[in-house]
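These numbers come from the heavy atoms of this one structure, side chains and all, not from hydrogens, waters or symmetry mates. For reference, positions follow the sequence shown, starting with 1.
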Amino acid sequence: MVALSRMVHEALKAAELLSKDGISVEVLDPRTLSPLDRDALLASVAKTGRLVIAHEAWGPCGFGAEVAAIVAEHGFRFLKAPVRRVTPPFTPVPFSPPMEKFWLPDAGKIAAAVREVCA
């Protein structure tokens, strides 16, 4: 699993939830977008055969799209399942705290995506 910024915390929570179900998750925090540690990313995909990306930006044209493109170009042979991105819906950001909580990805949404690629 690759997560950026605040989503790292949610990814770690998701990893804890999944460990209770016997699913081991590797969480990779790239820390920077440029330079992006492509070698670590590809090594993780080679090891696990799966990739779930979580970030707070919309899916189209976001960080996850670039990570998915790198894996598609340089690590496709390692994949055992499709790449899955966990992002907010492609809608304006809500300004209400309860709506924002609903809008943002969380540990539950991330864990559900991991379960999908592991099925």
Side-chain angles (χ1 to χ4, degrees):
M1 184 180 336
V2 176
L4 185 66
S5 191
R6 183 180 160 293
M7 286 298 113
V8 172
H9 303 287
E10 295 298 323
L12 292 170
K13 288 178 193 174
E16 283 182 39
L17 291 171
L18 292 162
S19 70
K20 295 174 184 174
D21 296 337
I23 299 172
S24 177
V25 177
E26 182 172 278
V27 178
L28 180 66
D29 175 5
R31 300 276 177 169
T32 63
L33 298 179
S34 183
L36 182 61
D37 191 348
R38 191 172 88 172
D39 294 337
L41 171 65
L42 294 171
S44 179
V45 172
K47 178 179 169 185
T48 64
R50 291 166 175 79
L51 175 61
V52 173
I53 307 159
H55 61 89
E56 294 179 78
W58 295 321
C61 304
F63 158 74
E66 182 63 23
V67 170
I70 289 169
V71 171
E73 186 175 346
H74 301 285
F76 185 78
R77 67 187 177 279
F78 303 126
L79 290 173
K80 298 176 185 174
V83 173
R84 179 78 162 75
R85 291 182 289 168
V86 183
T87 64
F90 193 49
T91 62
V93 179
F95 291 103
S96 162
M99 290 296 292
E100 184 178 349
K101 184 176 178 168
F102 172 77
W103 184 80
L104 282 170
D106 61 15
K109 293 173 187 172
I110 296 168
V114 171
R115 286 184 182 100
E116 285 178 22
V117 300
C118 288

**Fill in**
Heavy atoms of Ala54 and Met7 approach each other most closely as O-CB, 3.6 Å
**Request:** Group every Ile, Leu, Val, Met, Phe, Trp and Tyr by side-chain heavy-atom contacts under 4.5 Å, then state whether Leu28 and Val83 land in the same group.
**Result:** yes
**From Lys101 atom NZ to Asp106 atom CG, the distance as rounded to the nearest 0.5 Å** = 8.0 Å
**Fill in**
Note: Arg77 and His74 closest approach over all heavy atoms is NH1-O, 3.4 Å
**Message:** I'd like to know if the side chain of Arg85 and the backbone of Gly59 have a donor-acceptor N/O pair within less than 3.5 Å.
**Reply:** yes
**Request:** Could you grab the distance from atom OG of Ser96 to atom CH2 of Trp103, nearest 0.5 Å is fine?
**Result:** 13.0 Å
**Request:** Indicate the atoms forming the closest heavy-atom contact of Ser5 with Glu56, along with that distance.
**Result:** OG-OE2, 4.3 Å
**Item:** Within one Ile-Leu-Val-Met-Phe-Trp-Tyr cluster: Val45 and Val25, side-chain cutoff 4.5 Å
**Value:** no
**Item:** Interatomic distance, Leu51 atom CG to Phe78 atom CZ [nearest 0.5 angstrom]
**Value:** 13.0 Å
**Prompt:** Just by distance, do the side chain of His55 and the backbone of Leu4 share a donor-acceptor pair under 3.5 Å?
**Reply:** no
**Side-chain donor-acceptor pair present, Glu26, Thr48, cut-off under 3.5 Å** = no
**Asked** Are Val27 and Val117 grouped together when hydrophobic residues (ILVMFWY) are joined by side-chain heavy atoms under 4.5 angstrom apart?
**Response** yes
**Asked** Do Phe76 and Val2 belong to the same hydrophobic cluster, where Ile, Leu, Val, Met, Phe, Trp and Tyr are linked whenever their side-chain heavy atoms lie under 4.5 Å apart, directly or via other members?
**Response** yes
**Message:** To the closest 0.5 Å, what do you measure between CG (Leu12) and CG (Leu17)?
**Reply:** 11.5 Å
**Prompt:** Nearest 0.5 Å, what's the CD-CG distance between Glu66 and Leu33?
**Reply:** 9.5 Å
**Prompt:** Any link between Leu104 and Phe90 through a network of hydrophobic side chains (Ile, Leu, Val, Met, Phe, Trp, Tyr) touching at under 4.5 Å?
**Reply:** yes
**Message:** If you compare all heavy atoms of Ile110 against all heavy atoms of Met1, which two are closest, and at what distance to 0.1 Å?
**Reply:** CG2-SD, 3.3 Å
**Request:** Please examine the side chains of Pro88 and Pro105, heavy atoms only from C-beta on, and report whether any two atoms are closer than 4.5 Å.
**Result:** yes
**Message:** Given 3.5 Å as the limit, does a donor-acceptor pair link the side chain of Trp58 with the main chain of Thr91, or not?
**Reply:** yes
**Complete:** All heavy atoms of Ala14 vs all of Ala111, minimum pair found to be CB-N, 3.9 Å
**Asked** Can any side-chain N or O of Arg84 pair as donor or acceptor with the backbone N or O of Ala113 at less than 3.5 Å?
**Response** no
**Fill in**
Scanning both residues in full, the closest heavy-atom pair of Ile53 with Gly64 reads CD1-O, 3.4 Å
**Asked** So does Glu10 pair up with Lys13, basic N to acidic O under 4.0 Å?
**Response** yes
**Asked** Do Leu36 and Val67 come close enough that some side-chain heavy atom pair is under 4.5 Å?
**Response** yes
**Prompt:** Hey, does Phe63 have a side-chain heavy atom less than 4.5 Å from the side chain of Pro30?
**Reply:** yes
**Donor-acceptor contact below 3.5 Å, side chain Asp21 vs main chain Ile23** = no
